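So the structure is just underneath, and the comments pick up after that.
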Amino acid sequence: MPSEQELIELRRQKREQLLALGDAYPARTSRTHEAAKAVALFERTEREGLEESRRAVTVAGRVTAIRDMGRAAFVDLRDGSGGIQLHVRRNVLGDQFGLLALVDLGDFVEASGRLFRTRHGEVTVAVTRWRVLTKALRPPPEKWAGLVDVETRYRQRHLDLMANERSREIARARSEVLAAVRRFFQRRGFMEVETPVLQEEAGGAAARPFYTHHGALDRDLALRISLELHLKRLVIGGFDKVFEIGRVFRNEGISHRHNPEFTLLESYEAYADYEDVANMVEALFRSVLSEVTGGLEVRHGEETIDLGEPWARTTYREALLEHTGIDYRAHPEAAQVRTLALDRGVEVDPDASWGTALDALMAAFVEPHLVHPTFVFDYPAELSPLAKRKRDDPTLAERFELFALGIERANAYSEQNDPVEQRELLREQARKAAGGDEEAEVADEDFVRALEQGMPPAGGLGVGIERLVMLVTGEHSIREVVLFPAMRESGG
RNA sequence: GGGCCCGUAGCUCAGCGGUAGAGCAGUGGACUUUUAAUCCAUCGGUCGGAGGUUCGAUCCCUCCCGGGCCUACCA
């Protein structure tokens with residue numbers, strides 16, 4: 001019989017014995033204190049020198065260690081608040097001491113008794129009564145090295161969370177980031193909304209969508225790739241400040257920076273432009289960072305950056321010129337830019353457009369250097385079909401991206417609200433799509449029709465939540481900040 | 001997608017041509033203030049899968065499956 005099966009079989013037998021004695025899975029517990037609260041209570045009363053310090057408590061949690069000394073044992077318990085130690089003694093517990101033989105690592109138990117401090121100084125429950133709350137059939141990960149195997153950590157995240165404090169910290173940080181983002185927008189008078197995930201056409205970004213099928217309607221539907229087009233319709237409808245935090249899906253490669261589904265934050269503010277949005281982003285990031293970490297510094301490997309210092313501002317043209325010596329105005333043909341890229345060892349598709357080739361240069365030579373937070377303003381209009389053109393230079397769009405630690409963290413526009421121009425730009429994209437360009441955006445006639453109703457000038461923002469959580473936690477793999485990252489089918 | 005690396009006990013890892021080891025966990029025993037408890041004994045393996053080379057393969061070769069890092073695209 002395989003060893004794992006033996007381990008499980010032994011635990012099954014203990015479960016049977018527990019059931020014979022009463023229950024191995026009682027529904028009701030009588031916990032009076034979380035572990036951390038019990039310890040704090042003891043420490044407080046102890047400081048005050050009260051006799052009452054030996055207060056009786058009932059705690060409950062998962063057994064993480066058992067140190068058995070024959071007629072007595074120490075049992076470590078952990079609940080959501082932290083841990084506390086139990087001391088079980090034969091002469092105190094009598095018959096109930098025998099329960100120790102049926103308790104394994106990973107089980108949940110409840111224990112009552114007075115608090116005391118051991119010789120080594122640990123606050124401990126002197127157990128007078130205890131019982132099993134949940135019998136676990138599988139053993140927990142090893143206690144010292146913990147769970148290291150990355151694949152198991154991602155596929156069986158419960159084991160990872162059980163074994164690794166860091167994983168629990170990251171999960172909590174993500175939750176706090178989301179809460180802090182919501183507080184920020186709520187304070188500024190934004191309304192949180194929810195828009196459809198299933199759509200006829202997936203628009204608002206350049207990405208390949210996933211498709212699914214609606215049975216009753218017998219119709220294929222796309223999963224959204226952005227939130228943009230619906231949110232703008234809400235602005236048209238009269239909601240001046242809206243935001244959504246929603247899952248979007250992009251049918252592209254999986255990597256340490258890309259998960260096929262990720263959480264996107266988008267906000268739209270009427271009567272604001274991209275300069276206003278830039279100021280807001282700065283405030284947003286600082287607010288989130290200080291609320292979650294208590295400071296404005298971020299450590300990432302060797303690098304430490306201080307988001308409290310003024311953020312750099314440059315333009316697409318200046319940044320490219322500074323880092324590559326290329327002024328794209330001198331090279332208006334796609335073929336010229338492709339040659340420049342190839343000359344510098346950057347791979348570009350032979351039929352890459354002018355903008356795509358420029359972006360390859362940006363990604364290779366500029367972005368990695370943008371360690372301290374840097375706004376890059378005024379993208380080539382060709383790359384930004386949903387952004388308003390600059391009045392004094394129609395080849396540029398009122399768009400910025402924010403970079404920090406070499407990675408794009410935010411993307412924003414003064415939104416295009418001229419329906420005639422918008423329709424023309426989207427038709428151009430449609431022509432590219434028809435010509436086989438998978439990156440082209442899909443024209444959405446319903447959206448343009450809505451624009452014809454009149455959209456006030458508005459500033460829009462997009463932030464990948466995972467990217468923000470990675471910034472806050474200093475993690476460099478998206479899989480560490482997504483609880484259940486996409487994996488291939490398990491095999492081998 | 002390309003390059004490099006990895007897959008051995010439930011977990012963490014050694015071994016790298018002669019048929020598999022340690023620690024933790026488990027089991028039995030000693031121990032009533034331990035905390036990686038300690039001490040003694042002991043159980044536990046299709047060495048990711050399939051082929052090939054060889055007298056003999058966990059080890060060398062090929063393919064497949066899964067994973068990681070770097071790189072590319074995106075957010």
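All values reported here derive from a predicted model rather than from experimental measurement. A, B, ... follow the sequence lines: proteins, then strands. Residue 1 opens every chain.
- At a threshold of 4.0 angstrom between heavy atoms, the contacts of A/I8 with the nucleic acid are absent.
- For A/H258, there are no ring-ring contact (aromatic ring centres under 6.0 Å, His included) partners, not counting sequence neighbours.
- Side-chain proximity of A/D359 to B/rU33, B/rA36, B/rC74: nearest is B/rC74.
- Checked against ring-ring contact (aromatic ring centres under 6.0 Å, His included), A/Y274 has the following partners two or more places apart in sequence or in another chain: A/F377.
- For A/R90 against B/rU32, a side-chain-to-base donor-acceptor contact under 3.5 Å is absent.
- The phosphate of B/rU71 has neither OP1 nor OP2 within less than 4.0 Å of any side-chain N or O from A/R257.
- Between the side-chain ring of A/F262 and the base of B/rA75, a stacking contact exists by the 5.5 Å and 30° definition.
- Taking atom P on both nucleotides, B/rC59 is separated from B/rU19 by 14 Å, rounded to a whole Å.
- At the heavy-atom level, A/G462 lies nowhere under 4.0 Å from the strands shown.
- For A/R467 against B/rC74, a side-chain-to-base donor-acceptor contact under 3.5 Å is present.
- The CG atom of A/L320 lies 8.0 Å from the OH atom of A/Y328; values are rounded to the nearest 0.5 Å.
- When side chains are defined from C-beta on, A/R11 counts as touching A/D104, because their heavy atoms get closer than 4.5 Å.
- A/N411 and A/R399 form a side-chain donor-acceptor contact under 3.5 Å, judged by distance and modelled atom types alone.
- As rounded to the nearest Å, B/rA20 and B/rU12 have P atoms that lie 23 Å from one another.
- Side-chain N/O atoms of A/K143 include none lying less than 4.0 angstrom from OP1 or OP2 on B/rC11.
- To the nearest angstrom, C1' of B/rC11 lies 13 Å from NE2 of A/H158.
- Taking atom CD1 of residue A/I478 and atom C1' of nucleotide B/rA75, one finds them 8 Å apart after rounding to whole Å.
- Along RNA chain B, the nucleotide closest to A/Q85 and the one closest to A/G146 are compared, and the more 5′ of them pairs with A/G146.
- In this structure B/rU53 sits in no base pair that meets the Watson-Crick or G-U test at under 3.5 Å.
- Taking the six-membered ring for Trp and thresholds of 30 and 60 degrees, A/H369 and A/H323 have nearly parallel ring planes, at less than 30 degrees apart.
- Residue-level contact check: A/E122 touches the bases, meaning some heavy atom is under 4.0 Å from a base atom.
- Applying the Watson-Crick and G-U wobble criteria (two distances, each under 3.5 Å), B/rC74 pairs with nothing in any strand.
- When the P atom is used for both B/rU42 and B/rG51, the distance is 38 Å, rounded to whole Å.
- Counting non-hydrogen atoms under 4.0 angstrom, A/N259 reaches a base of the nucleic acid.
- Taking atom CG of A/L137 as the reference point, atom C1' of B/rG10 lies 14 Å away to the nearest angstrom.
- Look at the C1' atom in both B/rA25 and B/rA9: the space between them is 11 Å, to the nearest Å.
- Across all strands shown, nothing is found opposite B/rG45 as a Watson-Crick or G-U wobble partner with both distances under 3.5 Å.
- Phosphate contact (OP1/OP2 of B/rG10, side-chain N/O of A/R138, threshold under 4.0 Å): absent.
- Residue A/S226 is out of contact with every strand shown, counting any heavy-atom pair closer than 4.0 Å.
- The nearest whole Å value for the distance from the CG atom in A/L147 to the P atom in B/rG10 is 14 Å.
- In this structure, B/rG7 and B/rC65 make a Watson-Crick or G-U wobble pair, each of the two defining distances being under 3.5 angstrom.
- Using a 4.0 Å heavy-atom criterion, one finds that A/L10 contacts the sugar-phosphate atoms exclusively.
- Between the side chain of A/R67 and the base of B/rU34, at least one donor-acceptor pair of N or O atoms lies under 3.5 Å.
- Straight-line distance between the C1' atoms of B/rA37 and B/rU32: roughly 14 Å, to the nearest whole Å.
- Across all strands shown, A/D68 has heavy atoms under 4.0 Å from base atoms, whether or not it also approaches the sugar-phosphate.
- Across every strand in view, B/rC31 sits unpaired, with no contact that passes the Watson-Crick or G-U test at under 3.5 angstrom.
- Within 3.5 Å, no donor on the side chain of A/E6 pairs with an acceptor on the base of B/rU27, nor the reverse.
- Looking at heavy-atom distances under 4.0 Å, A/G70 makes contact with a base.
- Take the nearest nucleotide of RNA chain B for A/I254 and for A/Y154: the residue whose nucleotide is more 5' is A/Y154.
- Distances shown here put a side-chain N or O of A/H120 below 4.0 Å from the OP1 or OP2 atom of B/rU34.
- Here the separation of B/rC64 from B/rG7, taken at their C1' atoms, is 14 Å to the nearest Å.
- A heavy-atom distance below 4.5 Å is not found between the side chains of A/E122 and A/R117.
- Across the C1' atoms, B/rA75 and B/rA36 are found 43 Å apart, a figure rounded to whole Å.
- Judged by distance alone, the side chains of A/E398 and A/Y413 never bring a donor and an acceptor atom under 3.5 Å apart.
- One can find a donor-acceptor pair under 3.5 Å joining the base of B/rU32 and the side-chain atoms of A/N91.
- Among the heavy atoms of the strands, none lies under 4.0 Å from A/A163.
- Rounded to whole Å, the P atom of B/rC13 lies 30 Å from the corresponding atom of B/rA72.
- Here the C1' atom of nucleotide B/rC74 and the CD atom of A/E466 are 13 Å apart, to the nearest Å.
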